[in-house]
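Below is one structure, written out as structure tokens, with a few remarks after it.
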Amino acid sequence: DAGVIQSPRHEVTEMGQEVTLRCKPISGHDYLFWYRQTMMRGLELLIYFNNNVPIDDSGMPEDRFSAKMPNASFSTLKIQPSEPRDSAVYFCASKNPGQRNTEAFFGQGTRLTVV
Amino acid sequence: AQSVSQHNHHVILSEAASLELGCNYSYGGTVNLFWYVQYPGQHLQLLLKYFSGDPLVKGIKGFEAEFIKSKFSFNLRKPSVQWSDTAEYFCAVTYFGNEKLTFGTGTRLTIIP
């Protein structure tokens, strides 16, 4: 398996624009997590899904952030409108709890810069 | 609420020195514990994990961690570090029956050749 795949790897956008980050989890993994990493706040869990259903979105900072998982192989994190303070690295991770004693696997991340 | 504390924010060591990074989690019952490493510019990779059994867990690249339930701790150790261990290290926890993975703030490790 190619692992968790995120796109784009880098995104530079202007304040006010809509940004969409994409994630393809490892096949067969039914949990998907979105994290944001910044120097100030470290790794924050934004939202996670089980079988395409959002389980906990308490980490989503504002209504400007939304996440969807239309099917088992694709998820998006959207920011509309974007602001400079949204600049961060966004990681997606997936996990298969049905596999005993397993961990979450992370993608390469998307580095977002909002200018 | 789940929380993880990593008290060392930045550790600087010389090559061949011994390493111990602290990790404490908030009480909440049965836990699963993880240490992840992030090399500069890269994604998080698993170093080791604890689910049950022997509280001394061995991971990749010579790392080990000890789960001490009475202290709610899961400290990471390595007897002799190398320059290539320069990275950021994250402790993380899940609680039994809940897949929510919570990370500590991370410890930046710098190894001086």
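Order of the sequence lines fixes the chain letters, A, B, ..., with proteins taken first and strands second; residue numbering starts at 1 for each chain.
- For the pair Thr105(B) and Leu43(A), the minimum side-chain heavy-atom distance is 4.5 Å or more.
- The candidate with the highest count of non-hydrogen atom pairs below 4.5 Å against chain B, out of Arg41(A), Glu103(A), Lys95(A), Gln37(A), is Glu103(A).
- Residue Asp63(A) places its CG atom among 12 or fewer non-hydrogen atoms of other residues, nucleotides or ligands, all under 6.0 Å distant.
- Within the 4.5 Å cutoff, the side chain of Leu101(B) has heavy atoms near those of the Tyr35(A) side chain.
- Taking a 6.0 Å sphere around CD of Glu62(A), one finds it holds more than 12 heavy atoms contributed by other residues, nucleotides or ligands.
- One hydrophobic cluster, built from ILVMFWY side chains closer than 4.5 Å, cannot hold both Tyr31(A) and Trp34(A); they sit in different ones.
- What you find for Phe91(A) and Gln38(B) is that their closest heavy atoms are CZ-NE2, 3.3 Å.
- Side-chain heavy atoms closer than 4.5 Å link hydrophobic residues (I, L, V, M, F, W, Y) into clusters, and following such links, possibly through other members, connects Ile60(B) to Leu19(B).
- Between His43(B) and Gly107(A), the shortest heavy-atom contact is CB-O, 2.8 Å.
- The cluster map of Ile, Leu, Val, Met, Phe, Trp and Tyr, joined by side-chain heavy atoms under 4.5 Å apart, puts Phe103(B) and Leu76(B) in different clusters.
- Contact between Lys100(B) and Asp56(A) at its shortest, heavy atoms only, is NZ-OD2, 3.2 Å.
- Around CZ of Arg111(A), the count of heavy atoms belonging to other residues, nucleotides or ligands within 6.0 Å does not exceed 12.
- Under a hydrophobic-cluster definition in which Ile, Leu, Val, Met, Phe, Trp and Tyr are linked whenever side-chain heavy atoms come within less than 4.5 Å, directly or via other members, Phe74(B) and Leu21(B) are assigned to the same cluster.
- For Leu46(B), the part sitting under 4.5 Å from any heavy atom of chain A is the side chain, from C-beta outward, and nothing else.
- In terms of heavy-atom pairs under 4.5 Å with chain B, the best-connected choice from Gly59(A), Gly42(A), Ala104(A) is Ala104(A).
- No continuous path of ILVMFWY side-chain contacts below 4.5 Å connects Leu112(A) to Leu45(A), so the two sit in separate hydrophobic clusters.
- Residues Tyr48(A) and Asn98(B) share a closest heavy-atom pair of OH-OD1, 3.2 Å.
- With a threshold of 4.5 angstrom between heavy atoms, Tyr50(B) does not approach chain A through any atom at all.
- The contact between Glu99(B) and chain A is made by backbone and side chain atoms together, counting heavy-atom distances below 4.5 Å.
- With a 4.5 angstrom heavy-atom cutoff, Thr38(A) does not touch chain B via any of its atoms.
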